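Here is the structure we will look at, set down as structure tokens.
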Amino acid sequence: MLALMEDDRPDTRSGLERARARLASVFGFPVFRAGQEEVVATLLAGGDAFVVWPTGGGKSLCYQLPALVRPGTGLVVSPLIALMQDQVAALTELGVAAAACHSNLPPGELAAVERRLRSGELDLLYVAPERLLTDRFLALLAELPLALIAIDEAHCVSQWGHDFRPEYLGLAVLAERFPGVPRLALTATADPPTRREIVARLGLGEARIFLASFDRPNLRYRVVDKQGDPRRQLLDFLGAEHAGHCGIVYRFSRAKVEQTAAWLSEHGVAALPYHAGMSAEERRATLDRFRSDEALVVVATVAFGMGIDRPDVRFVAHLDLPKSLEAYHQETGRAGRDGEPADAWMAYGLQDVVNLRRLIDAGEAEEGRKQIERRKLDALLAYCETTECRRRALLRYFGEELAAPCGNCDTCLEPVATWDATVPAQKALSAVYRTGERFGAMHLVDLLRGEATEKMRRHGHDRLPTFGVGGELDAKGWRAVFRQLVARGLLAVDADGLNVLRLTPRAWPVLRGEERLALREERRPEKKRRRASAPAAGDEALFPETRRFEALRALRKELAEAAGVPPYLIFHDRTLQEIAARVPATLAELAGVPGVGAKKLERYGERVLRALREGT
Ligand code: ADP
Ligand code: ZN
């Protein structure tokens with residue numbers, strides 16, 4: 001149990017007052033963030049809650065704080081071991097008694113955790129669903145006072161959601177087995193149908209629902225067209241805007257992850273791969289470096305991310321399309337959790353669309369599931385091709401309407417022109433039709449451009465009326481037309497693996513001239529923009545504040561290495577900046593800086609003050 005001064009005398013304060021005190025003394029936060037206090041109050045009053053807030057919204061505190069205030073242990077169901085370990089490490093660092101219980105635990109440690117649980121010593125226990133739902137464990141819990149039950153990543157219970165985990169379905173029994181224990185479901189990704197499913201499946205009909213905006217105003221959304229080697233585009237983007245920054249690059253396959261990481265390293269960017277095919281040690285090594293290196297790019301499949309709560313990730317780049325807009329929102333949400341400007345950058349092209357469509361069609365899933373996936377992909381493609389404010393398009397998917405264009409996305413910063421593409425679209429569609437719906441975009445572009453290739457002559461396509469009618473666009477322009485026709489569902493991709501394009505019923509109104517079609521003008525290659533960046537190290541003209549910040553950062557690195565934890569678990573950048581700005585002279589003044597709780601003050605306070613005295 002927490003041994004803080006305020007526990008030493010009988011406590012007559014209300015639960016909420018005690019929660020507020022703990023917020024400051026344990027977590028070092030002066031005030032609640034929007035919504036947190038209401039959720040905490042609901043649980044303290046014994047009610048259930050369902051919290052749908054985006055990544056970085058501050059969900060963890062909603063169960064951590066009431067677990068400290070209510071008698072008994074707070075149980076947190078979590079699907080991923082890495083996520084549990086991170087949380088337990090962070091809590092331990094704050095002086096909270098927390099442990100994790102999952103199938104990877106060596107037998108000896110498992111027994112130790114159970115002993116601590118029985119003795120009532122634990123404030124928080126993180127547990128994997130399959131472990132929780134064993135008869136033995138449920139029986140053990142039935143004998144203990146539980147402060148609350150939190151179900152993290154609650155969308156895993158929904159088949160409509162993007163990360164369905166069958167073992168989550170079993171969590172429905174918690175309501176019956178532990179009546180009277182307040183329950184809290186949390187998720188960062190839930191469109192309206194997913195939300196309804198979570199409430200139904202977890203028996204949260206009585207729960208108060210807390211919805212927060214999915215907007216992440218500090219993220220700048222950008223989608224660029226793939227031109228040639230997308231790695232080159234990425235490198236230009238990194239060089240222009242993110243030199244020396246920490247970021248994540250998502251790729252679809254393990255092979256591409258490996259190639260891209262190697263390629264970036266060859267081109268002077270510190271980059272490491274991460275995917276599920278690597279050994280546990282290799283993954284652990286990448287994770288450790290990601291936590292501790294100031295500047296590192298991790299190239300990863302989606303296996304990387306859940307549970308990574310490094311706050312100063314400055315960009316997330318997608319070199320392949322994510323699976324859905326929920327996945328995109330969640331993956332990009334890992335950037336800029338500290339609230340500072342960060343980039344969500346994506347390169348996408350026709351081949352991505354073809355690959356994803358084919359993957360769904362050729363997949364093993366039953367037809368109902370495939371239909372859900374197709375609708376999700378359509379929504380994602382509409383986002384990629386949108387000509388309006390990108391943030392608006394994204395938020396609309398989550399059931400939110402943004403009052404005005406955001407001013408911080410590519411379409412706002414550089415409005416996209418559209419053009420009347422009806423005639424070129426008709427030409428492209430008839431090229432598909434006239435060749436018997438048996439060819440891919442490459443050949444069709446050649447046909448429109450009048451390239452008399454060997455393949456063209458072999459099929460007699462050089463004698464078709466559509467041969468060479470497409471002089472108004474170059475090959476790149478035609479590829480963009482085909483991509484948008486596929487993205488908008490006028491053309492479909494066959495599941496045969498050969499990228500064959502077919503007409504869909506939606507093509508006919510355009511072909512017959514009943515409907516006009518506006519397409520987006522292709523973007524010019526990105527102009528190099530340079531963001532004001534911190535002065536380079538060694539710069540003599542450093543401001544005193546920057547110098548203090550650098551001194552504090554050096555101290556943090558030292559403390560982190562000594563404690564064997566990532567630097568941001570010692571102090572966030574935000575906290576260091578605040579210290580550098582305020583220059584506290586005493587421990588009491590230092591305690592007033594947001595992010596400096598009692599434990600941190602006790603452990604690191606003197607060292608921080610000394611660094612300030614010496615570093616300036
Ligand atoms: P989520 O689980 O919703 O993704 P977290 O719980 O990890 O978000 O919180 C995101 C960040 O916000 C963390 O770094 C956390 O320490 C910080 N945070 C949470 N609540 C507060 C608060 N009341 N004041 C200041 N920072 C907070
Ligand atoms: Zn915008």
Side-chain angles (χ1 to χ4, degrees), residues 19-20 22-24 26-40 51-65 76 78 80 83-84 86-87 89-91 93-94 96 124 126 150-154 184-190 210 212-223 305-313 329-340 344 383 386-396 402-416 566 568-575 578 593-597 600:
R20 274 196 210 106
R22 290 279 165 87
L23 179 68
V26 177
F27 295 91
F29 300 141
V31 287
F32 280 113
R33 282 215 189 130
Q36 284 175 331
E37 183 163 359
E38 288 77 9
V39 181
V40 170
V51 173
V52 186
W53 295 352
T55 307
K59 289 187 291 302
S60 332
L61 207 73
C62 294
Y63 55 82
Q64 289 169 349
L65 210 47
V76 187
S78 170
L80 279 184
L83 180 126
M84 293 191 228
D86 279 1
Q87 295 259 5
L91 287 166
E93 186 62 26
L94 293 171
V96 175
L124 279 152
Y126 286 78
I151 301 172
D152 207 0
E153 313 290 353
L184 167 68
L186 310 104
T187 177
T189 59
F210 296 87
S213 172
F214 270 63
D215 192 10
R216 297 284 311 279
N218 61 319
L219 293 193
R220 175 172 293 179
Y221 296 102
R222 266 183 277 178
V223 180
M306 258 176 146
I308 303 297
D309 51 9
R310 181 169 172 157
D312 61 343
V313 174
H329 189 273
Q330 191 171 54
E331 284 151 25
T332 54
R334 290 172 188 136
R337 295 176 66 146
D338 53 9
E340 303 293 324
Y383 169 81
T386 190
T387 52
E388 66 162 346
C389 168
R390 226 178 264 287
R391 189 180 312 272
R392 211 177 215 179
L394 182 62
L395 292 178
R396 189 170 301 135
L402 201 64
C406 76
N408 190 29
C409 71
D410 52 1
T411 46
C412 280
L413 294 166
E414 285 177 75
V416 197
Y568 63 81
L569 280 191
I570 307 277
F571 289 117
H572 281 187
D573 277 359
R574 244 293 167 50
T575 308
E578 199 61 33
V593 175
V596 184
K600 304 245 155 131

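Read the numbers this way: they start at 1 and go in the same order the structure lists the ligands and their atoms. One is the number of the first residue; the rest follow in order along the sequence. Being a predicted model, the structure only gives us computed values, none of them experimental.
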Checklist line | His572, Arg337, Arg310: member with heavy atom nearest to atom 14 (O) of ligand 1 | finding: His572
Check: How far is atom 4 (O) of ligand 1 from its nearest protein heavy atom, and which residue and atom is that?
Finding: Gly56 N, 2.6 Å
Next item on the list: Select the closest option to atom 6 (O) of ligand 1 among Ala34, Ser60, Ala90, Ala212, judged by heavy-atom distance.
Entry: Ser60
Margin query: Can you tell me which portion of Asp338 lies within the under-4.0 Å heavy-atom range of ligand 1? Options are side chain, backbone, both, or neither.
Written below: neither
Next item on the list: Answer yes or no for Arg22 and Phe27: cation-pi contact, defined as NZ/CZ to six-membered ring centre under 6.0 Å and angle to ring axis within 45°.
Entry: no
Note to self: Testing the basics here: between Cys409 and Arg391, what is the closest heavy-atom pair and its distance to 0.1 Å?
What the structure shows: SG-N, 4.3 Å
Note to self: Would Gly57 count as a contact residue for ligand 1, given that I'm defining contact as a non-hydrogen atom of the residue lying under 4.0 Å from a ligand atom?
What the structure shows: yes
Check: Considering only heavy atoms from C-beta outward, does the side chain of Leu402 approach that of Arg396 to under 4.5 Å?
Finding: no
Check: Who's the nearest protein heavy-atom neighbour of atom 17 (C) of ligand 1, and how far?
Finding: Arg33 NH2, 3.5 Å
Note to self: Testing the basics here: between His329 and Phe214, what is the closest heavy-atom pair and its distance to 0.1 Å?
What the structure shows: NE2-O, 2.8 Å
Note to self: Restricting to non-hydrogen atoms, name the atom on Ala335 and the atom on Leu219 that form the minimum distance, rounded to 0.1 Å.
What the structure shows: O-CD2, 3.5 Å
Next item on the list: Among all protein heavy atoms, pick out the one at the shortest distance from atom 16 (O) of ligand 1; state its residue, atom name and that distance to 0.1 Å.
Entry: Phe29 CZ, 3.3 Å
Note to self: Could you tell me, atom by atom, which parts of ligand 1 come under 4.0 Å of a heavy atom of Pro54?
What the structure shows: 3 (O)
Check: Does Pro594 come within less than 4.0 Å of ligand 1, judged by its heavy atoms?
Finding: no
Notebook entry, point to check: If you measure from each non-hydrogen atom of Ala188 to ligand 1, which part falls under 4.0 Å: side chain, backbone, both or neither?
Noted result: neither
Note to self: Any atom of ligand 1 sitting under 4.0 Å from a heavy atom of Val31?
What the structure shows: yes
Note to self: Nearest 0.5 angstrom please: Arg220 CZ to Cys412 SG, how far?
What the structure shows: 10.5 Å
Item checked: Side-chain ion pair, Arg574 and Glu340, N-O less than 4.0 Å -> yes
Checklist line | Shortest non-hydrogen separation from Thr411 to Cys389 and the atoms involved | finding: OG1-CA, 3.4 Å
Notebook entry, point to check: What residue and atom, counting heavy atoms only, is the protein's closest point to atom 20 (N) of ligand 1, and at what distance?
Noted result: Gln36 NE2, 2.9 Å
Next item on the list: Evaluate the side-chain proximity of Leu23 to Val40: yes if any heavy-atom separation is below 4.5 Å, no if none is.
Entry: no
Note to self: Are any of the N/O atoms on Phe32, whether in the backbone or the side chain, positioned under 3.5 angstrom from an N/O atom of ligand 1?
What the structure shows: no
Note to self: What protein heavy atom lies closest to atom 9 (O) of ligand 1? Include the residue and the distance to one decimal.
What the structure shows: Gly58 CA, 3.4 Å
Notebook entry, point to check: Looking only at heavy atoms, which two atoms of Leu124 and Val76 are closest? And how far apart?
Noted result: CD2-CG2, 3.7 Å
Check: Who's the nearest protein heavy-atom neighbour of atom 3 (O) of ligand 1, and how far?
Finding: Lys59 NZ, 2.7 Å
